[in-house]
There are 2 protein chains.
Amino acid sequence: MKQLTTRQQEILDFLTGYIEKNSYPPTVRETAKAFSISIKGAYDHIKALEKKGFIKLQENRSRALEVVSRRESDSSVAEIPLLGAIAAGAPILAEESWAGTVKIPADYARSGACFALRVQGDSMRDAGIRSGDLAIIEQRPTAENGEIVAALIEDSATLKRFFRENNRIRLQAENPDYAPIFTQDVRILGKLKAIIRRY
Amino acid sequence: MKQLTTRQQEILDFLTGYIEKNSYPPTVRETAKAFSISIKGAYDHIKALEKKGFIKLQENRSRALEVVSRRESDSSVAEIPLLGAIAAGAPILAEESWAGTVKIPADYARSGACFALRVQGDSMRDAGIRSGDLAIIEQRPTAENGEIVAALIEDSATLKRFFRENNRIRLQAENPDYAPIFTQDVRILGKLKAIIRRY
DNA sequence: GATTATACTACACATAAGGATAGTATTTCG
DNA sequence: CGAAATACTATCCTTATGTGTAGTATAATC
């Protein structure tokens, strides 16, 4: 990305500051007024910032301005979908199965490749996973032996420990009250990356 | 704050969704178009949302709309200290005892009043807390019966369930292998707010 | 049963705001 | 040096946009 002039940096700072404060961007005229310059003067600066890739504009729309740089620094938070009931056959991340989104520190999960599940039941109790916990899952079609995975069992995502055996797959709960599930074909949604529990 | 009608909730969802996507709010006309209703129809809804305090408007300004509710979900990441060994007598958050910092979603803990501990040992196993887990603690000098607290025992912070009895305090592990600790005087560091475990 | 709130349509108006033209002065840079 | 970029002013045009009036229909409330 190209270098900004000091003036352009000032303009950009104003834009981001304004957005921060008002939650919507300023108009060209407001920007002009803030710097006591002409409208075209401000307009040129904004266009220059667009050309250099620091902001995005939409033609003929008021305040249709988005700061693209600066935004990346905000990537410390990832917003990932929280899945509810999963429609059979539908893509995992189909909007229908979204129960909302959760924000987690970005280094916990590459967003886009991750989603969250609310744990139901105590089948993983002995792995220290309790009902109500938030499970962060990284999307994967398969898993390694012994990993905890989210698998699609009867239209809902369930956490189980994954084992590939001779001709079958064993999905093992971590609770003696639950028998292992043996199956030839199971849909692995992803592997467990983190557990978050709130008190 | 007043109750929204389903239609108003739809409108509000659209507004927040639009802002999320474009980083600036929609115009009245765009809102109208999105719902295939007249401009005044959309305008009335927006005015109703303002009246009920869910959004703020500025007169005669395009897109000058701010969603005030929902804003709490706009949390970012808080960086809180991760405590290691705690020097006896020293203030809990003395820099000497820092073993680093960890990033957690800001709404999990007001930073400044919180810190993190790396769980050691399995004394809280039956509460689903495992060795290696990250415990988020909100600083507090005392606690309510039954709460899980971080207490200073022999120069290290330990998680235990807290009970105030007649003349003593009982710190109870959640693992039958560990006997409860009875004490007259214990330093409560804070109460457990969240558990984060990474795989 | 009257009144207020909701959920709209259709039309109209003033102005807010983007964008263009024309021009000036200074600075950067190959 | 000359071209291109920067940093502006002043004026104008067009469109985008908030807001108002008038009216309809239905549901909630008192």
To the nearest Å, how far apart are B:Y24 OH and D:dT17 C1'? 14 Å
Distance under 6.0 Å and angle within 45° of ring axis: A:R63 vs A:Y24: no
Could you check whether A:N60 gets within reach of a base, just the sugar-phosphate, or nothing at all, counting any heavy atom under 4.0 Å? sugar-phosphate
Take atom CD of B:Q120 as the centre, draw a 6.0 Å sphere, and report whether it contains more than 12 heavy atoms from other residues, nucleotides or ligands. no
Winner on side-chain proximity to B:K40, out of C:dA17, C:dG19, D:dT21, is D:dT21
Minimum-distance nucleotide (side-chain atoms of B:R7 versus C:dA7, D:dT21, D:dA7): C:dA7
Looking across every strand, which nucleic acid part, if any, lies under 4.0 Å from B:L57 by heavy atom: base, sugar-phosphate, or nothing? nothing
Using whole Å, report how far OH of A:Y43 lies from P of D:dC13. 18 Å
Set out, in order, the CA-CA distance, both residues' side-chain angles and the distance that settles salt bridge (Lys or Arg N to Asp or Glu O under 4.0 Å) for A:K191 and A:E147, then state yes or no. CA-CA 7 Å; A:K191 92 178 225 199; A:E147 283 181 347; 3.2 Å; yes
OP1 or OP2 of D:dT6 under 4.0 Å from side-chain N/O of A:K52: yes
Can you tell me the distance, in whole Å, between the CG atom of A:D44 and the P atom of C:dT26? 18 Å
Please determine whether a side-chain nitrogen or oxygen atom of B:R63 lies at a distance below 4.0 Å from atom OP1 or OP2 of D:dT17. yes
Is A:S62 near enough to D:dA16 that one of its side-chain N or O atoms lies under 4.0 angstrom from OP1 or OP2? no
Any side-chain heavy atom of B:I195 sitting closer than 4.5 Å to one from B:I136? no
What's the closest nucleotide to the A:T27 side chain, out of D:dT17, C:dG18, D:dT19? C:dG18
Atom-pair distance (CD1 on B:I39; P on D:dG23), nearest Å: 20 Å
Length of the CG-P vector between A:L65 and C:dG18, whole Å: 9 Å
Send over the distance from A:H45 NE2 to D:dT6 C1', rounded to a whole Å. 8 Å
Cationic N near anionic O, under 4.0 Å, A:E50 to A:K47: yes
note: B:Q8, atom CD; C:dT6, atom C1'; distance rounded to Å ~ 8 Å
Judged by each residue's nearest nucleotide on DNA chain D, which is more toward the 5′ side, A:A48 or A:A42? A:A48
Check: B:E144 and B:F162 side chains under 4.5 Å, non-hydrogen atoms: no
Just checking B:S38: base, sugar-phosphate only, or nothing, at a heavy-atom cut-off of under 4.0 Å? base
DNA chain C nearest-nucleotide lookup for A:V28 and B:I37: closer to the 5′ end is B:I37
Has the side chain of A:R29 got a donor or acceptor that lies under 3.5 Å from a partner of the other kind on the base of C:dA17? yes
What is the separation between atom NZ on B:K47 and atom C1' on D:dG20, rounded to the nearest whole Å? 11 Å
Mind checking if A:S36 touches a base, just sugar-phosphate, or nothing, with heavy atoms under 4.0 Å? sugar-phosphate
